[in-house]
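Just below is one structure, and these are the notes that go with it.
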Amino acid sequence: MTEENDMAHEVAAETNGETHSGFVALIGPTNAGKSTLVNRLVGAKVSIVSHKVQTTRAIVRGIAIHGNAQIVFMDTPGIFKPRRRLDRAMVTSAWGGAKDADLIVLLIDSERGLRGDAEAILEGLKEVRQPKILLLNKIDRVKREDLLALAAAANEKIAFEQTFMISAENGSGCDDVMDYLAKTLPQGPWYYPEDQISDLPMRQLAAEITREKLFLRLHQELPYSSHVETEKWEERKDGSVRIEQVIYVERDSQKKITLGKGGETIKAISSASRKELAEILEQPVHLFLFVKVRENWGDDPERFREMGLDFPR
């Protein structure tokens, strides 16, 4: 049992076993730092992170224990002006997650401020009844007077319950956020076992890890027309696991980019993914990646279901 779990039991005992729990939807523009923040607050990798915008495609739930509270963070896709069917499904998923939560956290990139998508999100939030708090991220890159002006401008548009200034990257201000959430969420039993950090099935998490490495390696060359599925998962007698995954792309030219000259690129992606999976699973991993062309997979309802998204008509 971890030191934090010990603390959770002590606090619960001091409060006569009273516990709090609830769902917190984390929404914001693309690349505001939502996945980085969820991983920071949960204390483990539950959501993939890349510099490529719109990396998160479906809602990922990360589960954190803080004192006597279990906080279920819903890392939603970034909200932006949709252009394709996949875009529409992602934005619909994000707003759906917000409306299902007990509390909404709006994360804004302090450097970008309220320009573009952030302005539209604030307008959309006016129609959402749940209590809302504002987090200004990347505060280490912005002057204090500019942060205060940004906070005032956002609060003029929405009556936020609280405003926090944080850095998801280095953790500054994150403890204050956790304290607030722990005492604000409704009283009630925990939804998940205390050692569970995500509701994402391991096969799907493994696919997400590989997709992250794919984006990190090919964020310039490869467009969004790629998708990873875990097709086989075999626990072996020697304690290792054999995982077979398929990377789907839409054209032969994308397949060549993903493979790289002499298979160099796919080997590098496989190596990086295998290393991280072995650390997460705490067992040796044999990872085999295959690249297949599936034209117009972005219009295939089955692929949307695989990603946890509703297929928009």
Side-chain angles (χ1 to χ4, degrees), residues 2-5 7-8 11 15 19-29 31-47 49 56 59-76 78-79 94 97-98 100-114 118 121-122 125 128 130-142 144 147-148 150-155 158-188 190-192 194 197-198:
T2 66
E3 184 177 328
E4 189 166 350
N5 284 334
M7 184 183 74
V11 174
T15 55
T19 57
H20 293 252
S21 60
F23 290 82
V24 175
L26 189 58
I27 70 168
N31 255 9
K34 294 186 301 300
S35 296
T36 300
L37 180 60
V38 166
N39 292 341
R40 162 75 62 181
L41 298 180
V42 172
K45 179 75 163 279
V46 295
S47 195
V49 179
T56 301
I59 291 175
V60 176
R61 292 177 182 85
I63 304 156
I65 306 297
H66 191 76
N68 64 330
Q70 184 178 73
I71 307 165
V72 185
F73 291 100
M74 303 161 69
D75 180 15
T76 64
I79 297 174
D100 288 341
D102 295 294
L103 187 147
I104 296 171
V105 172
L106 172 62
L107 185 68
I108 296 290
D109 181 335
S110 298
E111 285 189 299
R112 283 187 284 171
L114 301 183
I121 294 169
L122 283 167
L125 278 176
V128 181
Q130 283 89 338
K132 309 161 191 71
I133 67 171
L134 173 66
L135 269 60
L136 300 182
N137 192 22
K138 306 179 185 178
I139 58 170
D140 49 324
R141 306 179 190 179
V142 180
R144 179 168 175 77
L147 287 170
L148 294 173
L150 176 57
N155 277 274
I158 294 284
F160 289 103
E161 306 287 327
Q162 198 83 15
T163 297
F164 294 91
M165 299 185 183
I166 68 157
S167 169
E169 194 69 41
N170 64 32
S172 176
C174 289
D175 285 344
D176 293 335
V177 175
M178 293 295 280
D179 289 343
Y180 178 84
L181 295 175
K183 71 181 182 183
T184 303
L185 289 175
Q187 184 179 339
W190 291 355
Y191 291 98
Y192 298 95
E194 64 184 276
I197 61 169
S198 174

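Because the structure is predicted, anything quoted here is derived from the model rather than measured. In what follows, every heavy atom counts, from backbone to side chain, and hydrogens, waters and symmetry copies are set aside. All residue numbers in this chain count up from 1 along the given sequence.
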(Q) Could you check whether Thr163 and Asn155, counting side-chain N and O atoms only, form a donor-acceptor pair closer than 3.5 Å? (A) yes
At what distance, to the nearest 0.5 angstrom, does [atom1] of [X] lie from [atom2] of [Y]?
| X | Y | atom1 | atom2 | value |
| --- | --- | --- | --- | --- |
| Leu136 | Ser110 | CG | OG | 4.5 Å |
| Ile104 | Leu26 | CD1 | CG | 11.0 Å |
| Leu37 | Lys34 | CG | NZ | 10.0 Å |
| Lys183 | Asp179 | NZ | CG | 7.5 Å |
| Ile71 | Ser21 | CD1 | OG | 10.0 Å |

Is the shortest heavy-atom distance from the side chain of [X] to the side chain of [Y] under 4.5 Å?
| X | Y | answer |
| --- | --- | --- |
| Gln70 | Thr19 | no |
| Met178 | Leu41 | yes |
| Ile133 | Leu135 | yes |
| Asn137 | Asp109 | no |
| Asn68 | His20 | yes |
| Ile166 | Leu107 | yes |
| Leu103 | Leu181 | yes |
| Leu148 | Met165 | yes |

Atom of [X], atom of [Y] and distance for their closest heavy-atom approach:
| X | Y | value |
| --- | --- | --- |
| Pro131 | Glu161 | CB-CG, 3.9 Å |
| Gly22 | Leu185 | N-CD1, 3.8 Å |
| Ser167 | Cys174 | O-SG, 4.0 Å |
| Ile108 | Gly113 | CG2-O, 3.6 Å |
| Gly67 | Ile65 | O-CG2, 3.9 Å |
| Ala64 | Val42 | CB-CA, 4.1 Å |

Q: Flag the pair Phe23 / Phe73 as yes when their ring centroid distance falls below 6.0 Å, and as no otherwise.
A: no
Q.
Apply side-chain contact (heavy atoms from CB on, under 4.5 Å) to residues Ser172 and Asp140 and explain how you reach the verdict.
A. CA-CA 9 Å; Ser172 176; Asp140 49 324; over 6 Å; no
Q. Given Leu125 and Lys132, is the side-chain contact (heavy atoms from CB on, under 4.5 Å) satisfied, shown in steps?
A. CA-CA 9 Å; Leu125 278 176; Lys132 309 161 191 71; 4.2 Å; yes
**Q.** Pair Asp102-Gln130, side-chain contact (heavy atoms from CB on, under 4.5 Å): steps then yes or no
**A.** CA-CA 6 Å; Asp102 295 294; Gln130 283 89 338; over 6 Å; no
(Q) If you apply the rule side-chain contact (heavy atoms from CB on, under 4.5 Å), what do you find for Phe160 with Leu106, and how did you get there? (A) CA-CA 9 Å; Phe160 289 103; Leu106 172 62; 3.7 Å; yes
Q: Check the pair Glu111, Lys138 against salt bridge (charged side-chain N to carboxylate O under 4.0 Å, His left out), reporting the backbone distance first and the verdict last.
A: CA-CA 7 Å; Glu111 285 189 299; Lys138 306 179 185 178; 5.2 Å; no
